[in-house]
K.L.:
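Before I ask anything, here is the structure I am working with.
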Amino acid sequence: MPEVDPVVQQVVARHGGDPSHLLQILIEVQEVFGYLPAPSLTAVARELAVPRSRVEGVAGFYSFLYPAPIGRYRILFSDNITDQMLGSRALLEALCRKLWVEPGKPSEDGLVSIDTTSCTGLCDQGPAVLVNGRAITRLDYRRVNEIAELVRKAVPLDRWPAAFFQIEDNVRRRDALLGPTFQPGSALAAALKLGPAGWLEQMRLSGLRGRGGAGFTTHVKWKSCRDAAGPDKVVVCNADEGEPGTFKDRVLLASHAERVFEGMALAAYATGARTGLVYLRGEYRFLLEPLRALLDRMRGDGLLGRSILGEKGFDFDIDIHLGAGAYVCGEETALLESLEGKRGTPRIRPPFPVTRGYLGRPTVVNNVETLAKTTLISLGGGAAFAATGTAQSTGTKLLSISGDCALPGIYEYPFGVTIERVLEDCGAGDAQLVQVGGASGVTIAGYEFQRRIAFEDVPTAGAFMVFDSGRDPFDIARNFVHFFAHESCGFCTPCRVGTALLKGYMDKLALGRGAKVDLADIEWVDRLLRNASHCGLGSSAANPVVDTLIKFRPSYERRLKSLEFEPAFDLDAALADARRITGRDDPAAHLDGGRGR
Ligand SMILES: Cc1cc2nc3c(=O)[nH]c(=O)nc-3n(C[C@H](O)[C@H](O)[C@H](O)COP(=O)(O)O)c2cc1C
Ligand code: SF4
């Protein structure tokens, strides 16, 4: 094991001693030691001249940072519902048995640890595992045996069969974005001809809305950033892609990254930004080197750096920061905190990032797909872009399709496509329900398959998980509830407690110990989460439960011990004194929202 101090000094020096790089520094120190030994945290704090408590706070926040020793081989099974449907849990148990380890605990000799992790963005080729951060797909018992052998013999990871690490794009349907070949530099050249104001006008005409989920109009965001006062504006590409069931950004970054980076430069041209940052989720670590190589090529071709394409004063460059396993960091203000080297706690808004973002500078945060789409607008014009899709949802949308279908993968459709059409194309003949938009999205039952993918009907950041008639909607919702309880950052009480309560109710129901009153309590927790959470994670955490409870109620009721049972103890009545003391008797002060009064 190398000595701690020289390693830390080297890593910190590589980052110019900049405390805002704390997360990147910890990731790199951990790559040397396999975990973060206590003296390394002390050394990082000393070298950066920040309190040790801050370093410890960051090290403790991210699931891919390990302040205590773990196995030299860290094996993490992707635990999305689609992985589970493909048998991931049984494969995990088989590997644990073969290697004599318990899930979550390193082996006594420190060789290996095996655990689960949230969705790894490989649902089209699951079950997937990460071994020391490298993704292995299409796991089966044969591969589990091979992995066990390689671990037992302590074979270094770079000598494992290359076939293990092959990741496919699985693009099944191409349209405006994925169809034509792209000539690097062409989109930037077209925008330069228009000038910043003319280019922004094309963005307005396009009606492009963000593809990261919320669907905010992109040109409004860019214009606000351009008009904001402040030095050195920033363009951030949100490549956190943590929503269970979403993997389209992975494919864009693997095979169309020149469009994404050029889209960032187009955003910089419109806003006057000089700094670009990509926040790449830790699960996509395997993309880091190829992406850095592409950035180098773009610099060489005059598409990044000073005087881009010879335009005096157009200076812009891009750096890539890694995430470390925290879904909440996809939320744009948590992402900015993380980029600044802090815990990923969402900020209070306003101020919005466009006026005070990364290090207090005006910042545009856009999704990977949004940025890639801007190259189409520059090349074809805003009006042509707006001619496809629907009135409020222009252009095309990439869907990440997984679950019970013959052809999982990436499908590009003009907005407005029906769910029925998508199901036909991906070979899902027996679909019972579709979860659109991931765990925080919407559950679509069979009678709704005529609905359309569009912001005015069924919005989505891209996840489209199919479940056939053999699946139990309750199990699906329970998996998502566990996900949210695990990913809640714990900053605000309604979400920290609400997601834990929800998990408790779902586990109780799964054990057959639930009663009708638990279903009513779930609705109460939903109201708490929706109305009192600090960020979108908490406010959408109960969506899958509430949706399935409304649309698939028998799946819950058959788990109830008794349909009639009412608790003898009336908690709401018992809280009457507390209400009197606080002078509150409004509906929100009652557990049932005041309906029982
Ligand atoms: C809990 C949570 C997670 C999110 N994760 C992502 C993500 O992984 N990728 C993304 O682009 N947007 C994500 N978002 C949305 C971002 O906050 C933000 O709206 C988006 O990056 C803006 O880009 P756009 O306008 O191009 O869509 C998330 C939001 C929440 C509340
Ligand atoms: S809602 Fe949840 S994830 Fe968001 S800030 Fe509160 S605790 Fe954190």
Side-chain angles (χ1 to χ4, degrees), residues 16 18 20 182-206 208 217-238 257-279 291-321 336 339-340 351-368 370-382 385:
D18 184 348
S20 75
F182 176 66
Q183 181 60 42
S186 57
L188 267 173
L192 288 181
K193 278 194 199 136
L194 301 170
W199 162 226
L200 202 52
E201 174 59 9
Q202 290 305 313
M203 283 292 293
R204 188 188 69 77
L205 290 173
S206 74
L208 176 69
T217 308
T218 308
H219 102 271
V220 173
K221 198 182 265 189
W222 288 14
K223 190 168 171 301
S224 308
C225 182
R226 184 199 66 181
D227 295 344
D232 194 2
K233 292 168 184 169
V234 183
V235 173
V236 172
C237 170
N238 186 343
E258 56 290 335
R259 276 203 192 261
V260 180
F261 292 152
E262 203 156 322
M264 290 178 75
L266 286 167
Y269 188 56
T271 56
R274 297 159 63 92
T275 304
L277 294 168
V278 177
Y279 188 85
L291 289 175
R292 286 208 167 129
L294 175 61
L295 288 175
D296 277 343
R297 282 202 300 280
M298 287 178 70
R299 283 181 199 111
D301 293 343
L303 300 175
L304 287 174
R306 299 186 78 84
S307 302
I308 291 174
L309 287 181
E311 179 85 355
K312 235 178 152 29
F314 180 21
D315 305 337
F316 178 70
D317 211 333
I318 298 173
D319 193 9
I320 305 176
H321 284 220
L336 293 171
L339 276 175
E340 291 180 11
F352 292 96
V354 282
T355 50
R356 277 183 68 81
Y358 177 69
L359 297 174
R361 305 178 202 162
T363 303
V364 157
V365 182
N366 274 132
N367 172 256
V368 171
T370 314
L371 291 162
K373 288 272 158 68
T374 64
T375 59
L376 291 178
I377 298 163
S378 169
L379 287 170
F385 185 89

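Numbering starts at 1 and runs along the sequence shown.
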K.L.:
Could you measure the distance from the CD atom of Glu258 to the CG atom of Leu303? Nearest 0.5 Å is fine.
P.N.:
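The CD atom of Glu258 sits 10.5 Å away from the CG atom of Leu303.
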K.L.:
Can any side-chain N or O of Glu340 pair as donor or acceptor with the backbone N or O of Tyr358 at less than 3.5 Å?
P.N.:
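No, because the side chain of Glu340 does not come within donor-acceptor range (under 3.5 Å) of the backbone of Tyr358.
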K.L.:
So which heavy atom on Thr271 is nearest to which on Lys233, and how close?
P.N.:
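Where Thr271 meets Lys233 most closely, the heavy atoms are O-CD, 3.5 Å.
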K.L.:
In Å, rounded to the nearest 0.5 Å, how long is the span from CG of Asp315 to CD1 of Ile308?
P.N.:
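Going from CG on Asp315 over to CD1 on Ile308, the span is 7.0 Å.
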K.L.:
Should Leu376 and Arg259 be marked as a side-chain contact (heavy atoms from CB on, under 4.5 Å) after you check the CA-CA gap, both sets of side-chain angles, and the distance that decides it?
P.N.:
CA-CA 9 Å; Leu376 291 178; Arg259 276 203 192 261; 3.7 Å; yes
K.L.:
Provide the closest heavy-atom pair for Pro362 versus Pro231 in the form atom of the first, atom of the second, distance.
P.N.:
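Between these two residues, the closest heavy atoms are CD-O, 4.0 Å.
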K.L.:
Using atom types as modelled and distance alone, determine if a side-chain donor or acceptor of Gln202 lies under 3.5 Å from a backbone N or O of Gly381.
P.N.:
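Here the side-chain-to-backbone pair does not exist.
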K.L.:
Are Leu188 and Phe314 close enough, and set up right, to give a side-chain contact (heavy atoms from CB on, under 4.5 Å), and what steps lead you there?
P.N.:
CA-CA 11 Å; Leu188 267 173; Phe314 180 21; 3.9 Å; yes
K.L.:
Rounded at 0.5 Å granularity, tell me how far CD1 in Ile320 sits from CG in Leu291.
P.N.:
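Interatomic distance, Ile320 CD1 to Leu291 CG, rounded to 0.5 Å: 4.5 Å.
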K.L.:
Roughly how far, to the nearest 0.5 Å, is the OG1 atom of Thr370 from the NZ atom of Lys221?
P.N.:
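If we round to the nearest 0.5 Å, Lys221:NZ and Thr370:OG1 are 7.0 Å apart.
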K.L.:
Donor-acceptor pair, Glu311 side chain versus Leu192 backbone, under 3.5 Å?
P.N.:
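Checked: no pair found.
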K.L.:
Quick one: pull up CE in Met203 and CH2 in Trp199 and give me the separation to the nearest 0.5 Å.
P.N.:
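The CH2 atom of Trp199 is 5.0 Å from CE of Met203, to the nearest 0.5 Å.
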K.L.:
Could you check whether any side-chain heavy atom of Val234 comes within less than 4.5 Å of a side-chain heavy atom of Leu359, counting everything from C-beta outward?
P.N.:
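No, too far: nothing below the 4.5 Å cut-off.
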K.L.:
So which heavy atom on Leu208 is nearest to which on Lys373, and how close?
P.N.:
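So the minimum-distance heavy-atom pair works out to CD1-CB, 4.0 Å.
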K.L.:
Using the side chain to side chain contact (heavy atoms under 4.5 Å, CB included) definition, which of the options Leu336, Val235, Val354 pairs with Thr363?
P.N.:
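Considering Leu336, Val235, Val354, a side chain to side chain contact (heavy atoms under 4.5 Å, CB included) with Thr363 is found only for Leu336.
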K.L.:
How close do Met264 and Cys237 get, heavy atom to heavy atom, and via which atoms?
P.N.:
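Closest approach of Met264 to Cys237: SD-CB, 3.6 Å.
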K.L.:
With side-chain contact (heavy atoms from CB on, under 4.5 Å) as the criterion, how do Val278 and Phe261 come out once you've worked through the C-alpha distance, each side chain's angles and the decisive distance to 0.1 Å?
P.N.:
CA-CA 9 Å; Val278 177; Phe261 292 152; 3.8 Å; yes
K.L.:
Are there more than 12 heavy atoms of other residues, nucleotides or ligands under 6.0 Å from atom CZ of Arg299?
P.N.:
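Counting neighbours around CZ of Arg299, more than 12 heavy atoms of other residues, nucleotides or ligands fall under 6.0 Å, so yes.
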K.L.:
Checking Asn238 against Val368 for the side-chain contact (heavy atoms from CB on, under 4.5 Å) test, could you report, in this order, the C-alpha distance in whole Å, the side-chain angles of both residues, the deciding distance, and whether it holds?
P.N.:
CA-CA 6 Å; Asn238 186 343; Val368 171; over 6 Å; no
K.L.:
Looking only at non-hydrogen atoms, find the nearest pair between Phe385 and Ser206 and report the distance.
P.N.:
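So the two residues come closest at CD2-O, 3.5 Å.
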K.L.:
How close do Ala270 and Trp222 get, counting heavy atoms only, and between which atoms?
P.N.:
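Looking at all heavy atoms of both residues, the closest pair is CB-CE3, 3.6 Å.
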K.L.:
If we ignore hydrogens and angles and just use 3.5 Å, is the side chain of Ser378 paired with the main-chain N or O of Thr375 as donor and acceptor?
P.N.:
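Side chain of Ser378 to backbone of Thr375, a donor-acceptor pair under 3.5 Å: no, none is there.
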K.L.:
Assess whether a salt bridge exists between Asp301 and Arg297, defined as any Lys/Arg side-chain N lying under 4.0 Å from an Asp/Glu carboxylate O.
P.N.:
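No salt bridge links Asp301 with Arg297.
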K.L.:
Find the distance between CG (Leu295) and CG (Asp317) and round it off to the nearest 0.5 Å.
P.N.:
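Answer for the CG-CG pair, Leu295 versus Asp317, is 7.0 Å.
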